[in-house]
Amino acid sequence: MGFDLQARSEISLTALIDMFFEQWIQTRQVEAEAIRTKDFSQVRDNAVFNGIHEGGNSVNRAGYRHLRTAAERLLHREKLDGRVRVETAYRSLVRAFFDCLPKIRATGTFSAHAVVARATRMLRDLRRDDGIYVFPIVFAPQAKSSDFHIGPIRIVAKEVFLKEHETAFAREGEADQLRSQLANDWREYIGGYDHFVTVEMRGFEAEAAWTLARETAEFALNLIRMLFGHYHTDDIRIGNGFRWEIKQSSVRIEPDGSAFFSSSRGPWGTHLDDRWAEHFHDNLGYYSQLLASYAYWLSQGIDVRNPVYERMRYANRLIAEGYAEPHDHIRLVRVVSALEALSLVHGADKAHNLALHCAYAGAWGDPERACSIYDAVRGAYTLRSAVVHGDAPLGTHVRSAFAKLEGHLLEVYLGFTCLLANVQKSSPQSVSVLRREVNRRIAWFYWYREPAA
């Protein structure tokens, strides 16, 4: 049975379970026939249900797709899209189905509603791992007393954080062998970092929390990257991510077959001192309430299908990847793509429309600034197109274009942040509605910037 994704999105949750059950029955029939004829050519490529030891613990690919789609639909209905993994919801549906199977076999009737109800209870009873999720960062070794908060996010100097939690860390270090080893492993791991960025998360499955907490942490780091510029912040790296190693090593094989090794050390974070937080507040204090609200919203993970949430989340991810990207050409591509996500432009003459939207968003009614933003974005988009279409613009041209773009990046980002916050008040339900609202408001926004609240 085949159907497209759009058609599947219109099918109800219980109907998807019914469709899965039909495919499960069909799979049993095919397997029985294969056993009878000893011809197993039709039993290939089935999905096996891990952890299920009852008979019939597999289904064909069509049934698997129905069940995965049902899992996504169940998470959305329970407002758990960003808080619980699809894999967890899928396993809940599988377990619920096999729990209902004895009754199905006894009565000869199947109730998709019963399966969904049982799986829903499992999800609601799922253990949630509330807490502060901690990421070490290479940030600013000269800053020894940082303790900066924005919404649920905190950026804190390493020694400040370790002293604050020394009792808990010492207790773990003196626990049983496994816990002691894990504590020692972490202390060794953080040796090359100078700060931590923490995010408070509540109501999440642990693995889902780590993913969204990291993205939320990058939101704050992106603000700092754009405020101080790539020249000062290109060495900011978050643990387990796009980070230069403290020690690097390489080898080259000489023409005569001998090996030539080389090693290097670095990086050493930024050159910021303890005044960086004061500078942040001086420049972005006006936006503090709005930015804190966005940070809380991003960290909640309950509106992942909201078009404004989706655009902000994707743009921030692209900016984080751009600033962590070692290649100038790809850095430009990622940052321009982030502006495309925020501006919602599409269709013909994209370079002009993107540049115009950015000028409207970031110029604050200043014609000279609007022209400068337009030229910077238009030039960056031209080089971005050359890169993605396989051309090779000179590195000097790419770096020059990025520098001009970065000179306006923060003001454009903040403009779109304000605009989208105000559009969100009308609760757009799709990207097309959001795009229509942005297009309707963007020119007026240049002349009359709505309150950032």
Side-chain angles (χ1 to χ4, degrees), residues 1 3 5-28 47-131 201-213 297-306 309-310 313 427 429-430:
M1 171 183 281
F3 52 88
L5 187 60
Q6 182 176 359
R8 182 156 47 200
S9 69
E10 298 171 356
I11 300 173
S12 70
L13 175 55
T14 52
L16 285 164
I17 299 300
D18 281 327
M19 294 163 67
F20 155 75
F21 183 60
E22 291 174 4
Q23 295 300 317
W24 184 81
I25 291 294
Q26 182 177 317
T27 303
R28 305 284 74 74
V48 177
F49 302 128
N50 294 327
I52 299 297
H53 304 292
E54 294 91 332
N57 65 336
S58 66
V59 71
N60 59 33
R61 285 293 162 181
Y64 171 79
R65 288 194 297 271
H66 296 326
L67 201 58
R68 290 289 296 195
T69 304
E72 295 171 1
R73 191 73 50 79
L74 178 59
L75 287 180
H76 184 58
R77 191 193 72 177
E78 294 297 307
K79 300 187 182 335
L80 293 172
D81 299 76
R83 293 172 171 263
V84 175
R85 294 177 304 145
V86 173
E87 182 61 35
T88 300
Y90 169 79
R91 288 201 306 267
S92 297
L93 285 170
V94 170
R95 185 66 266 171
F97 171 71
F98 279 91
D99 286 348
C100 293
L101 197 53
K103 184 176 181 179
I104 296 169
R105 287 171 171 160
T107 64
T109 59
F110 173 70
S111 172
H113 290 281
V115 173
V116 171
R118 184 179 288 270
T120 300
R121 287 194 296 272
M122 291 180 187
L123 287 181
R124 291 175 179 174
D125 294 340
L126 182 71
R127 175 182 171 179
R128 309 297 175 83
D129 292 284
D130 297 345
M201 306 290 285
R202 297 187 179 277
F204 284 80
E205 182 186 16
E207 291 187 41
W210 278 111
T211 299
L212 197 56
W297 195 32
L298 288 169
S299 71
Q300 293 304 301
I302 60 176
D303 285 317
V304 293
R305 298 193 184 188
N306 178 291
Y309 185 104
E310 182 268 336
R313 183 181 181 188
S427 301
Q429 297 300 306
S430 67

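What you are looking at is a predicted structure, and each value in this text was computed from that prediction instead of being measured.
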Could you grab the distance from atom [atom1] of [X] to atom [atom2] of [Y], nearest 0.5 Å is fine?
X	Y	atom1	atom2	result
Gln300	Arg83	CD	CZ	5.0 Å
Thr14	Arg73	OG1	CZ	10.0 Å
Leu123	Leu75	CG	CG	6.0 Å
Asp130	Phe204	CG	CZ	9.5 Å
Arg202	Ser299	CZ	OG	10.5 Å
Trp297	Ile302	CH2	CD1	9.5 Å

Atom of [X], atom of [Y] and distance for their closest heavy-atom approach:
X	Y	answer
Met122	Ser92	SD-O, 3.6 Å
Glu205	Arg128	N-CD, 4.2 Å
Gly63	Gln23	CA-CB, 3.6 Å
Ala119	Leu93	CB-CD2, 3.6 Å
Leu212	Leu298	CD2-O, 3.3 Å
Ile17	Phe110	CG2-CZ, 3.7 Å

(message) For Asp99 and Arg95: C-alpha separation, side-chain torsions, deciding distance, then whether salt bridge (charged side-chain N to carboxylate O under 4.0 Å, His left out) applies.
(response) CA-CA 6 Å; Asp99 286 348; Arg95 185 66 266 171; 3.1 Å; yes
(request) Taking the six-membered ring of Tyr90 (Phe, Tyr or Trp), confirm whether the NZ or CZ of Arg68 is under 6.0 Å from its centre and within 45° of its axis. (result) yes
Under 3.5 Å, is there a donor-acceptor pair between the side chain of [X] and the main chain of [Y]?
X	Y	result
Trp24	Asn60	no
Thr69	Arg65	yes
Gln429	Ser427	yes
Asp81	Val304	no
Asn306	Tyr309	yes

(request) Using the side chain to side chain contact (heavy atoms under 4.5 Å, CB included) rule, take Glu310 and Arg305 through it: C-alpha gap first, then chi angles, then the decisive distance, then the call. (result) CA-CA 6 Å; Glu310 182 268 336; Arg305 298 193 184 188; over 6 Å; no
(request) Say whether Arg28 and Ser58, considering side chains only, have a donor N or O and an acceptor N or O under 3.5 Å apart. (result) yes
(message) Checking Leu67 against Val59 for the side chain to side chain contact (heavy atoms under 4.5 Å, CB included) test, could you report, in this order, the C-alpha distance in whole Å, the side-chain angles of both residues, the deciding distance, and whether it holds?
(response) CA-CA 10 Å; Leu67 201 58; Val59 71; over 6 Å; no
(request) Flag the pair Ile104 / Thr109 as yes when at least one side-chain heavy-atom distance between them is below 4.5 Å, and no otherwise. (result) no
(request) Could you go through the side chain to side chain donor-acceptor pair (under 3.5 Å) check for Arg77 and Thr120 one step at a time? (result) CA-CA 10 Å; Arg77 191 193 72 177; Thr120 300; 2.8 Å; yes
(request) Could you tell me which residues satisfy salt bridge (charged side-chain N to carboxylate O under 4.0 Å, His left out) with Arg313, sequence neighbours excluded, listed by chain and number? (result) Glu215
(message) In this structure, is the centre-to-centre distance between the rings of Phe97 and Phe49 below 6.0 Å?
(response) no
